Number of protein chains: 2
Amino acid sequence: MRSDPFDPSAIVGPHRELLDQLLDKWGQLILTVLCHEPRRFNELKRTLDGITQKSLAQALRRLERNGLVERCVLQQRPIAVEYRITPLGRTLEEPFLALCAWTADHLDEVEDRRAAYDEAEDDGYEGAFVA
Amino acid sequence: MRSDPFDPSAIVGPHRELLDQLLDKWGQLILTVLCHEPRRFNELKRTLDGITQKSLAQALRRLERNGLVERCVLQQRPIAVEYRITPLGRTLEEPFLALCAWTADHLDEVEDRRAAYDEAEDDGYEGAFVA
DNA sequence: CAGCATCCAACTGGATACTG
DNA sequence: CAGTATCCAGTTGGATGCTG
């Protein structure tokens with residue numbers, strides 16, 4: 001398994017494209033929030049401080065199109081729209097949490113590495129030498 | 001847990017930034033390849049068909065800076081450089097494989113949803129109505 | 001409230017050329 | 001081979017204004 005040439009076609013095709021859509025900056029965050037509870041458009045916008053309504057709308061459309069999020073129009077005046085995680089979207093919660101757990105576990109180490117790299121760079125280090 | 005207001009600060013700060021760097025289009029792919037075996041610069045370029053050397057160099061610098069990949073200069077003429085996964089980088093293999101497994105398991109369903117969404121869109125559907 | 005349309009600045013990523 | 005440097009087109013994303 002480890003010595004296989006490794007065929008990247010399993011990742012480069014539609015799988016790759018899908019991952020790109022799932023893991024983009026906002027999609028992942030929205031999904032995580034909606035896993036906790038349904039949210040309305042402007043609630044989401046406030047929660048994800050920093051997102052523009054344009055980006056939010058785009059991300060929601062994409063998530064909705066992929067079947068991960070459901071758009072529910074509440075019968076109210078003025079109009080209210082609620083976004084909910086779908087069962088399909090829910091299946092992504094665990095992999096995402098695993099990723100978040102990874103960053104929580106390793107962020108310190110990564111920051112140490114960055115500091116070491118940046119310092120070494122100033123000294124002209126350009127990679128280990130090996131036979 | 002599920003009814004918490006959900007504090008996004010745990011994801012929006014440095015954690016978020018790190019995830020962005022890890023999950024970008026090429027970084028993830030390079031990491032996956034290097035988990036299988038060390039690779040030289042041009043070997044990687046050929047394996048990841050479609051990447052430019054500029055993007056590859058950038059992605060490798062970033063991975064190296066974050067301590068996920070190691071740059072080893074082999075003592076040869078002409079010069080040869082080998083990139084290897086680090087122990088830290090190796091810890092990302094499992095979460096990444098989980099993600100790949102998810103796409104493999106759910107790609108069909110997602111594509112069904114897309115088809116349904118696109119068709120409904122043509123008919124002017126704009127979300128479910130609920131009380 | 002929930003969005004869409006438009007304009008524009010910033011950044012990304014590709015092509016090309018050159019170096020040790 | 002393993003890159004760096006430069007230029008440029010295309011895309012992204014923010015700001016703003018408007019609609020039902």
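Numbers restart at 1 for each chain; the letters A, B, ... are given by sequence-line order, proteins then strands. Predicted model only: the values in this text are computed from it and were never measured.
The number of heavy-atom neighbours closer than 6.0 Å to CZ of B/Arg113, taken from other residues, nucleotides and ligands shown, is 12 or below. A 6.0 Å sphere centred on CD of B/Glu109 holds more than 12 heavy atoms belonging to other residues, nucleotides or ligands. The neighbour count for B/Glu43 CD, taken as heavy atoms of other residues, nucleotides or ligands under 6.0 Å away, is above 12.
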For residues 116-126 of chain A, run the donor-acceptor check on the side chains, cut-off 3.5 Å, and write out each pair with its distance to 0.1 Å, sequence neighbours left out.
unit_1: A/Asp118; atom_1: OD1; unit_2: B/Arg65; atom_2: NH1; d: 2.9
unit_1: A/Asp118; atom_1: OD2; unit_2: B/Arg65; atom_2: NH1; d: 2.5
unit_1: A/Tyr125; atom_1: OH; unit_2: A/Ala128; atom_2: N; d: 2.9

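Residues meeting the salt bridge (Lys or Arg N to Asp or Glu O under 4.0 Å) test with A/Asp112, sequence neighbours left out: none. Applying the salt bridge (Lys or Arg N to Asp or Glu O under 4.0 Å) criterion to A/Glu64, with sequence neighbours excluded, gives A/Arg61. Contacts of B/Arg84 classified as salt bridge (Lys or Arg N to Asp or Glu O under 4.0 Å), with partners at least two apart in sequence or in another chain: B/Glu82.
Comparing B/Ile79 and A/Ile51 along DNA chain D, the residue whose closest nucleotide (by nearest heavy atom) sits nearer the 5' end is B/Ile79. Summary of the strand contacts: B/Pro78 and A/Pro78 both lie near DNA chain D, and taking for each the nucleotide with the nearest heavy atom, the more 5' one is attributed to B/Pro78.
Counting Ile, Leu, Val, Met, Phe, Trp and Tyr side chains that sit under 4.5 Å apart, directly or through other members, B/Leu97 stands alone, with no cluster partners. Here B/Leu74 sits in one hydrophobic cluster together with A/Val130; the rule is ILVMFWY side chains under 4.5 Å apart, joined directly or through other members.
Mapping heavy-atom proximity under 4.0 Å, the span of DNA chain D touched by chain A runs 5' to 3' from D/dG13 to D/dG20. Chain A approaches DNA chain C over the interval C/dC1 to C/dC7, counting the first and last nucleotide 5' to 3' with an atom under 4.0 Å from its heavy atoms.
Using a 4.0 Å cut-off between charged nitrogen and carboxylate oxygen, B/Arg90 and B/Glu93 count as a salt-bridge pair.
Sequence neighbours left out, not one pair with a member in residues 37-96 of chain A passes ring pair (Phe, Tyr, Trp, His ring centres under 6.0 Å). Within the structure, salt bridge (Lys or Arg N to Asp or Glu O under 4.0 Å) contacts touching residues 70-79 of chain A (residues at least two apart or in different chains) do not occur.
Without hydrogens or angle criteria, B/Thr86 side chain to B/Gly67 main chain gives a donor-acceptor distance under 3.5 Å.
Contacts between residues 52-72 of chain B and DNA chain C, defined by a heavy-atom separation under 4.0 Å, are made by B/Thr52, B/Gln53, B/Lys54, B/Ser55.
Fit an axis to the five pairs at each end of the helix from C/dC1-D/dG20 to C/dG20-D/dC1 and the two axes sit 40° apart, to the nearest 10 degrees.
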